[in-house]
Amino acid sequence: MRLTTIGTGTAAPHPNRVQAGNLVEAGDLRLLVDCGSGVLWRMAQLGLDWSGITHVVLTHFHADHTVDLVAFLTAWRYGQLPPRAEPVTVVGPLGTQAFVERMAAAFAPGLASFVPGFQVIERAPHDPLTLPGDVTLECCDVPHTPESVAWSIRSDGLRITCSGDLGPSDEFAAWAAGSDLLLLECSLPASFDVPIHLTPEQCASIAARANPGALWLNHFYPPVEPLDIEGIIRTQWHGPVTRATDGASVTLRRGNGPPSPG
Ligand SMILES: [Zn+2]
Ligand SMILES: [Zn+2]
């Protein structure tokens, strides 16, 4: 399985970070987890196959995680010749179908038919969805918006967990335990602490409880970036920490094994 962090930014414009979007490649599937503004353009810039996304997986409906869904559908229909003929599936929390219908009402009544075989699958927390190639998706409620979930993608005995946006959550930390890679939001410094995002200290606490094989951090608002985030994580957990950048990627292989608990 391979993770590429395409967009590691937030609602705050940034010269080097577009909004939220991550590519998970598992078997023949190419799953785009969230698609905020700039994700489609960044994929093109990075030379990534934006046309070959098989699933768009949404964590929640905030604009910095969703607005490029319209851009992708439009590009698949009008941005390439011939137009895309392969189906695409949007997977999201309960309410995703209605969300996509609202997007279509705003932008183009035929939005859902821009790609043949377009479908939406909604999933309740802890109700796994098995995709072709024995890739499994499962979500967990997280404290952010009412619909917000984190997603785990399992394939070939490996597990990548993408937190989306969330505040501190013991339930999430317990559910994420055993992940080979945990991609966790790290939005704000402690001086800006809010209940629906994480500070580096709170990321450290989740890492200590979930003890993933590797921790990747993303979704940085500008005030958190000057901090020694890695140092703060190491006060509570000693596994490998990566501050994700747009275009960074990692390939997971079975048998690498998690690092020793910190
Ligand atoms: Zn966000
Ligand atoms: Zn959000």
Side-chain angles (χ1 to χ4, degrees), residues 3-24 31-43 56-72 90-96 98-100 102-103 106 122-123 125 139-153 160-169 171-173 175-176 182-200 202-203 206 215-225 227 229 242-248:
L3 169 74
T4 303
T5 50
I6 296 164
T8 56
T10 62
H14 190 289
N16 305 117
R17 300 186 189 277
V18 301
Q19 294 184 350
N22 304 286
L23 178 66
V24 176
L31 303 109
L32 181 64
V33 183
D34 285 338
C35 51
S37 174
V39 169
L40 174 59
W41 256 240
R42 185 69 93 204
M43 287 192 80
V56 178
V57 182
L58 300 179
T59 60
H60 65 297
F61 306 146
H62 274 161
D64 61 315
H65 296 252
T66 58
V67 292
D68 260 13
L69 179 57
V70 173
F72 271 93
V90 175
V91 181
L94 301 179
T96 299
F99 174 74
V100 170
R102 290 197 299 278
M103 264 191 162
E122 296 183 352
R123 221 59 188 175
C139 64
C140 170
D141 268 327
V142 291
H144 185 64
T145 59
E147 78 281 1
S148 287
V149 294
W151 286 100
S152 267
I153 300 123
I160 292 176
T161 296
C162 301
S163 74
D165 289 359
L166 79 166
S169 167
E171 181 192 346
F172 169 77
W175 175 77
L182 172 58
L183 179 63
L184 193 59
E185 76 123 282
C186 184
S187 287
L188 296 164
S191 54
F192 285 71
D193 189 12
V194 292
I196 61 167
H197 284 296
L198 296 178
T199 66
Q202 292 161 343
C203 290
I206 287 176
L215 176 68
W216 278 41
L217 301 173
N218 70 352
H219 203 270
F220 305 105
Y221 275 93
V224 81
E225 297 221 50
L227 300 186
I229 295 173
T242 298
R243 199 189 286 224
T245 54
D246 289 19

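Each ligand, and each atom within it, is numbered from 1 in the order the structure gives. Keep in mind that this is a model prediction, so the values were computed, not measured.
The aromatic rings of W175 and F172 sit tilted, their planes meeting at an angle between 30° and 60°.
Residues forming a side-chain hydrogen bond (donor to acceptor under 3.5 Å, both in side chains) with T145 (at least two apart in sequence, or on another chain): E147, S148. Qualifying ring pair (Phe, Tyr, Trp, His ring centres under 6.0 Å) partners for H62, counting only residues two or more places apart in sequence or in other chains: H60, H144. Qualifying ring pair (Phe, Tyr, Trp, His ring centres under 6.0 Å) partners for F72, counting only residues two or more places apart in sequence or in other chains: W76.
Atoms of the protein (N, O or S only) found under 2.8 Å from the Zn ion (ligand 2) are H60 NE2, H62 ND1, H144 NE2, D165 OD2.
In summary, the side chains of H197 and Q202 do not present any donor paired with an acceptor at a separation below 3.5 Å, with no hydrogens or angles considered.
Minimum-distance N/O/S atom of H219 relative to the Zn ion (ligand 1): NE2.
The distance from atom OG1 of T161 to atom CD1 of I153, rounded to the nearest 0.5 Å, is 7.5 Å.
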